[in-house]
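Index from 1, following the sequence. Keep in mind that the numbers below use all heavy atoms, side chains included, and drop hydrogens, waters and symmetry copies.
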Amino acid sequence: MKIAIIQFGGTNCDMDVLHVLKDVVGVDAETVWYKEENLTGFDGVVVPGGFSYGDYLRAGAIAARTPIMDSVKKIAAEGKPVLGICNGFQVLTEARLLAGALTTNEYPKFRCHWTNLRVETADTPFTSKFRKGEVIRMPIAHMEGKFYAEESTLAELDENEQVVFRYVDEKGRVTDEANPNGSLENIAGILNASRNILGLMPHPERASESILGSDDGRKVFESMADYITENF
């Protein structure tokens, strides 16, 4: 098993993801520069966080149009798991691999702090290690993390259980106070219709070891590794 970690100019969480995959989860992983046009030999992809191309135009807009994204789309079409974290989530929506868009936070400033999340479904390649309804902790770090989609898209996401994480309070309740950026329906992470692509704004790699304050995020990567082992 080998997982690709995509690097763009401005990516800054690639080494953190590499450390978690190799040293914490114990799987083979490798960084791949955005000019590469071939991901043959990889069984999954992580598009990590950062500020690709300085967030010029819109966050993720330029990265979504680089050569490597054609290969990411091919991997996704083969059913292999693709995980987008923070800026990676923005890239995946800009590439139209995920529905909706990430816009400027309702309070238009950069926010970096811990959030509580409720696991809305364990029936995904990224959350099989969790229980449905489990409340977990991961940090956010973004200025453009407000999830937006039209009402029809939101209804479709809900009906098909494509919403994976919501911002909640410590008791698992969806409240305005628990929503750090004004995301519609407190959405923090969604799947594509085929359920093999996940985008989320919180950073699981920053919550993968207890010394960091939480190791809840490790289960995202462990679930992804299990899915690859069982299916590819």
Side-chain angles (χ1 to χ4, degrees), residues 3-6 8 11 13 17 34 39 44-53 55 57-66 68-105 117-127 138 140 142-167 179 181-205 217 220-221 223-224 227:
I3 297 175
I5 303 163
I6 310 301
F8 305 102
T11 296
C13 298
V17 173
Y34 76 97
L39 288 175
V45 171
V46 178
V47 186
F51 298 90
S52 58
Y53 308 99
D55 283 351
L57 299 181
R58 297 179 304 276
I62 297 175
R65 291 156 178 81
T66 56
I68 193 72
M69 290 309 296
D70 288 334
S71 298
V72 173
K73 290 176 181 177
K74 289 178 183 175
I75 285 245
E78 293 170 358
K80 295 177 179 176
V82 175
L83 172 64
I85 303 167
C86 195
N87 188 228
F89 187 9
Q90 296 161 341
V91 172
L92 295 179
T93 59
E94 286 286 342
R96 311 316 300 165
L97 287 168
L98 288 171
L102 285 310
T103 65
T104 303
N105 297 345
L117 305 170
R118 189 174 70 200
V119 180
E120 299 294 77
T121 173
D123 182 23
T124 86
F126 311 92
T127 54
M138 291 186 206
I140 58 164
H142 60 250
M143 195 172 89
E144 296 179 51
K146 178 181 178 180
F147 182 76
Y148 173 83
E150 295 188 355
E151 286 188 14
S152 59
T153 300
L154 290 172
E156 189 174 326
L157 292 173
D158 286 329
E159 183 177 346
N160 297 329
E161 294 190 339
Q162 290 173 243
V163 177
V164 182
F165 299 112
R166 291 187 202 275
Y167 300 109
N179 189 341
N181 48 35
S183 285
L184 297 183
E185 298 187 0
N186 282 44
I187 289 174
I190 61 166
L191 290 168
N192 64 328
S194 298
R195 309 183 76 77
N196 67 312
I197 304 174
L198 170 66
L200 75 165
M201 289 310 298
H203 286 262
E205 79 281 7
V220 172
F221 299 104
S223 297
M224 185 176 176
Y227 179 80

* Asked: Any side-chain heavy atom of Tyr167 sitting closer than 4.5 Å to one from Ile140?
  -> yes
* To do: Step by step, work out the side chain to side chain contact (heavy atoms under 4.5 Å, CB included) result for Val220 and Met138.
  => CA-CA 11 Å; Val220 172; Met138 291 186 206; 3.9 Å; yes
* Asked: Taking all non-hydrogen atoms of both residues, which atom of Ala64 and which atom of Val91 are closest, and how far apart?
  -> CB-O, 3.7 Å
* To do: Determine whether the side chains of Ser194 and Asn196 contain a donor N or O and an acceptor N or O closer than 3.5 Å.
  => no
* Asked: When rounded to the nearest 0.5 angstrom, what is the spacing between CG in Asn181 and CD1 in Ile187?
  -> 11.0 Å
* Could you tell me whether a side-chain N or O of Thr93 sits under 3.5 Å from a main-chain N or O of Ala101, the two making a donor and an acceptor? => no
Under 3.5 Å donor-acceptor pairs involving side-chain atoms of residues 151-159, not counting sequence neighbours:
residue	atom	partner	partner atom	Å
Asp158	OD1	Arg166	NH2	3.0

* **Separation between CZ of Phe89 and CD1 of Ile190, rounded to the nearest 0.5 Å** => 4.5 Å
* Let me see the working for Leu97 and Val72 under side chain to side chain contact (heavy atoms under 4.5 Å, CB included), right down to the final yes or no. => CA-CA 10 Å; Leu97 287 168; Val72 173; 4.2 Å; yes
* So, Asn160 side chain and Gln162 main chain: donor-acceptor pair closer than 3.5 Å or not? -> no
* To do: For residues Pro202 and Phe165, determine if any side-chain heavy atom of one lies less than 4.5 Å from a side-chain heavy atom of the other.
  => no
* **Audit row: Met69, Leu92, side chain to side chain contact (heavy atoms under 4.5 Å, CB included) steps and yes/no** => CA-CA 9 Å; Met69 290 309 296; Leu92 295 179; 4.2 Å; yes
* Asked: Shortest non-hydrogen contact from Phe8 to Thr66?
  -> CE2-OG1, 3.3 Å
* Structure fact -> Heavy-atom nearest pair, Gly49 first then His203, reads CA-CE1, 4.3 Å
* Evaluate the side-chain proximity of Glu120 to Val164: yes if any heavy-atom separation is below 4.5 Å, no if none is. => no
* Measure the CG-OH distance between Leu102 and Tyr148 for me, rounded to the nearest 0.5 Å. => 13.5 Å
* To do: Go through Arg195 and Thr121 one step at a time and tell me if the side chain to side chain contact (heavy atoms under 4.5 Å, CB included) criterion holds.
  => CA-CA 11 Å; Arg195 309 183 76 77; Thr121 173; 3.7 Å; yes
* Could you grab the distance from atom CZ of Arg58 to atom CD of Glu94, nearest 0.5 Å is fine? => 4.0 Å
* State the CE-CG distance between Met143 and Asn105, to the nearest 0.5 angstrom. => 7.5 Å
* Asked: Taking C-beta and beyond as the side chain, do Val17 and Ile85 meet within less than 4.5 Å on heavy atoms?
  -> yes
* Asked: Where the side chain of Asn87 meets the backbone of Ala59, is there a donor-acceptor pair that is under 3.5 Å apart?
  -> no
* Taking Thr11 for the side chain and Gly50 for the main chain, is one N or O donor matched with an acceptor at less than 3.5 Å? -> no
Show the atom names and distances, to 0.1 Å, of all donor-acceptor pairs under 3.5 Å that link a side chain in residues 76-84 to residues at least two apart or in another chain.
residue	atom	partner	partner atom	Å
Glu78	OE1	Lys80	NZ	3.4
Lys80	NZ	Phe42	O	3.2

* Nearest-0.5 Å distance that lies between atom CZ in Arg65 and atom OH in Tyr34 -> 15.0 Å
* Are any side-chain N or O atoms of Asn192 and backbone N or O atoms of Leu98, one a donor and one an acceptor, separated by less than 3.5 Å? -> no
* Asked: Shortest non-hydrogen contact from Ala149 to Gly100?
  -> CB-CA, 4.1 Å
* Closest contact, heavy atoms only, Leu117 versus Ala188 -> CD2-CB, 3.8 Å
* **Donor-acceptor contact present, side-chain Glu205 to main-chain Cys13, <3.5 Å** => no
* Asked: Are any non-hydrogen side-chain atoms of Met224 and Val46 less than 4.5 angstrom apart?
  -> yes
* Structure fact -> Minimal heavy-atom distance between Pro125 and Tyr227, with the atoms involved, is CB-CG, 3.4 Å
